[in-house]
Amino acid sequence: MSEANRYMDQILEVRHQSPEEERDLCLKLLEMNETEYARAFAHTYLADAFHSMGMLDKAMDEYHAAMDLMGKKEYDKLSLTLYNLAGGIYIGQDDEQGALDCFFKEIEIAEQMEDYTMCSTALANIAYVYREAGAYGKSEATLKRAFEMAQNASENQSNVAFSEEFYNMLRAGLELEKKEPDKALKYLDSLDQLKEDPLNVPLLYASCYAQKGMKEEAMAGLGKIWEQVEDIQNRFERLSHYFDILDILMALKEYEDAARFTAKTERLLVGMECAGKWTRLMEYEIQIYTELGEEEPLERAYELFFQYDMKFKEISKQSAVKRLKKRIELQKEADRRTSMEEWQNVLFKRNEYDELTGVLNRRGIRKYMNKAFAAAREQKQKFAVLFVDVDFFKEFNDTYGHVAGDECLKKIAHILKHAVADKGMAGRYGGDEFLLTITGIQTISIMEVAMEIKKSLTKVAIPNKNSAVSDEVTVTIGGVNSVPEEKMDFPCYIEAADRMLYSLKKSSKNGFAINESVQGDEK
């Protein structure tokens, strides 16, 4: 065995135990300047080490270095690892589309290798991204497909596990995101303790108890895992569990304990390149110190929120000039604020509107829908939710570029806002997907809104020569319109509309379909 091969074996042995040692071994392997494969291997696992250490910018640099070395070479197994790691890095940067691109590429390679177990794990990761984005219907369907694929896989070249217990654990996590603790408990109660995963199951149980208001049981569950969390060597994994614990403490309204835990989380975040995680942590602290009535730490939390939120947005922007201008504008705006109430108004406005299109973002959509749905249910009015998905938008971006893609989304958002007018709300749900809500009109009128959208889009005539259905940009619209039942909540409607869109796009694009019941037949 060559010295380079010995280093590679050692890297695989230590990667889950010590990211620092993994980093040092990769650097030594690079110093040897051996084969292109050895260098690609070193850069791949350097990305892994830096990701574990929370150094996401450096991890991304190593990912690109590995990609440059691989080029078109047949390093399939290493490519699988690289795309899997890169997806995790993008998740850490809160870049959903980047993560999805990597996981779909991972599936493409795994299918070529006929490694369907690895395909299933990539699908499970995609389901996780959908879940975190709030697309619960897509997450559930993708997770089921992942499990079925794993069950039918005859070979497993990548040595990954996808058992029924693992699937049930993932389903429990999905149900908790949907605020369905009783359903989550059914999945958890079906598990034998997962010996290889001693933390996630107790955390999920504690989350269930917290959502059900069972404070004593939830705190007892947390008490069993404090020390285990601290023993995790992977800093990014430990950080993820810290946020799980914070979610539980916030659900229990244990604000003093949560304040102490945010301080611990801040110490862990020092030196980690995670602007998005800092922003999320400051959102917790703003809520905590508002509840505790402590103005000085509350003001600090607002200031840090603006600081890290601007940094996060800078990373996401395509143009350095636009990033700088936005930062100056936001800082000037922040400097003008002299009271906590004004700071909070700025925060809410920035958090509720999509910067690109000017319509509501997912946070704003949920806030609007909470009120509008409750009013419709109380007044027994029809409530409509429509998903609007841009057909072949990836092909559009590939053909005309992302700047043109941004302009396309702006025009579509303007059309949707005008079509809804004062009848409801238009928002950007994520990527090229928009969501509309309309209260108190019949389905025939909803269909007229859909036709108006398509008519307006035809007038604008945005070219998309690589679309499979038209030479111009088109959209597919799926939705639901019915009077909410007493026990329903608005996520039911989002899922129903999402199912309708998904079903419609499977058979055709550039169409629309509306259900008159959350469970009903297509109209």
Side-chain angles (χ1 to χ4, degrees), residues 120-121 123-148 150-151 161-229 232 237 240-255 257-258 261 284 366 370 484-496 498-499 518-519:
S120 69
T121 60
L123 281 170
N125 285 330
I126 291 169
Y128 172 82
V129 175
Y130 286 151
R131 188 188 88 181
E132 292 300 295
Y136 302 131
K138 287 184 178 179
S139 179
E140 183 175 352
T142 305
L143 192 55
K144 285 181 179 178
R145 183 182 166 203
F147 180 61
E148 290 168 359
Q151 295 300 102
F162 201 132
S163 64
E164 185 172 359
E165 288 189 332
F166 181 63
Y167 169 73
N168 287 338
M169 186 180 74
L170 295 178
R171 280 304 309 267
L174 174 58
E175 296 301 335
L176 281 171
E177 286 289 330
K178 293 161 61 178
K179 306 300 181 188
E180 295 281 0
D182 290 327
K183 291 181 180 178
L185 279 172
K186 289 181 180 178
Y187 284 108
L188 290 174
D189 289 342
S190 70
L191 299 176
D192 293 326
Q193 282 295 325
L194 292 178
K195 294 179 181 179
E196 69 277 12
D197 197 348
L199 275 175
N200 279 323
V201 174
L203 271 170
L204 288 169
Y205 267 113
S207 296
C208 286
Y209 295 140
Q211 286 192 17
K212 289 172 68 66
M214 300 167 66
K215 182 176 179 179
E216 185 176 340
E217 292 83 350
M219 293 302 291
L222 287 181
K224 295 177 181 178
I225 61 176
W226 297 114
E227 293 183 4
Q228 294 180 67
V229 172
I232 297 174
E237 183 181 348
S240 177
H241 286 313
Y242 275 15
F243 277 111
D244 291 337
I245 292 169
L246 275 171
D247 283 336
I248 294 167
L249 292 174
M250 296 299 288
L252 295 172
K253 299 183 179 180
E254 290 291 318
Y255 298 118
D257 284 344
F261 209 81
Y284 280 122
R366 288 177 179 172
N370 260 322
E485 296 177 10
E486 189 62 34
K487 293 183 180 180
M488 283 184 176
D489 57 11
F490 73 80
C492 297
Y493 273 61
I494 289 179
E495 288 184 34
D498 188 53
R499 286 196 303 270
V518 173
Q519 303 292 337

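Keep in mind it's a predicted model, so treat the numbers as computed, not measured.
- With respect to the salt-bridge test (charged N to carboxylate O, under 4.0 angstrom), the residues K178 and E175 qualify.
- Between the E254 side chain and the M250 main chain, no donor and acceptor come within less than 3.5 Å of each other.
- In plain terms, the two heavy atoms of P181 and Q211 that are nearest each other are CD-OE1, 3.4 Å.
- Put simply, the side chain of E177 never gets that close to the backbone of Y136: no donor and acceptor are under 3.5 Å apart.
- For CD of E485, the number of neighbouring non-hydrogen atoms (other residues, nucleotides, ligands) closer than 6.0 Å is 12 at most.
- Y167 OH to L143 CG: the interatomic distance, rounded to the nearest 0.5 Å, is 5.5 Å.
- A perpendicular orientation is assigned to the rings of F261 and Y242, their planes being inclined by more than 60° (bins at 30° and 60°).
- We find the CE-CG distance between M169 and N200 to be 4.5 Å, quoted to the nearest 0.5 Å.
- Under a 4.0 Å N-O distance rule, the pair D182/K212 qualifies as a salt bridge.
- Inter-residue side-chain proximity for L252 and D257 is flagged as unmet; no heavy-atom pair is nearer than 4.5 Å.
- The backbone N or O of S190 lies less than 3.5 Å from no partner atom in the side chain of N168, so there is not a single donor-acceptor pair.
- Put simply, the side chain of S139 gets close to the backbone of A127: a donor and an acceptor are under 3.5 Å apart.
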Output, in order, the C-alpha distance, side-chain angles, deciding distance and verdict of side-chain contact (heavy atoms from CB on, under 4.5 Å) for F147 and E164.
-> CA-CA 8 Å; F147 180 61; E164 185 172 359; 3.9 Å; yes

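- The CG atom of L174 sits 10.0 Å away from the NZ atom of K183 when rounded to the nearest 0.5 Å.
- You'll find the side chain of N370 stays beyond 4.5 Å of the side chain of D489, heavy atoms only.
- Here the closest heavy-atom approach between residue C492 and residue V518 is recorded as O-CG1, 4.0 Å.
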Dump the intermediate steps for side chain to side chain donor-acceptor pair (under 3.5 Å) on D189 and Y205, then the final yes or no.
-> CA-CA 9 Å; D189 289 342; Y205 267 113; 2.7 Å; yes

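- For the atom pair Y209 OH and L204 CG, the distance stands at 11.5 Å (nearest 0.5 Å).
- Side-chain contact between W226 and Q228: absent, with no pair of heavy atoms (C-beta onward) separated by less than 4.5 Å.
- Note that CD of E180 and CG of L185 are 11.5 Å apart. Values are rounded to the nearest 0.5 Å.
- Side chains of I232 and L199 form a contact here, defined as non-hydrogen atoms less than 4.5 Å apart.
- Under the rule for a salt bridge (charged side-chain N to carboxylate O under 4.0 Å, His left out), the partners of K144 that lie at least two apart in sequence or sit in another chain are E140.
- A 6.0 Å sphere centred on CZ of R145 holds no more than 12 heavy atoms belonging to other residues, nucleotides or ligands.
- Atom OH of Y187 and atom SG of C208 lie 12.5 Å apart (nearest 0.5 Å).
- Annotation: side chain of I225 is not in contact with side chain of H241 (no heavy-atom distance under 4.5 Å).
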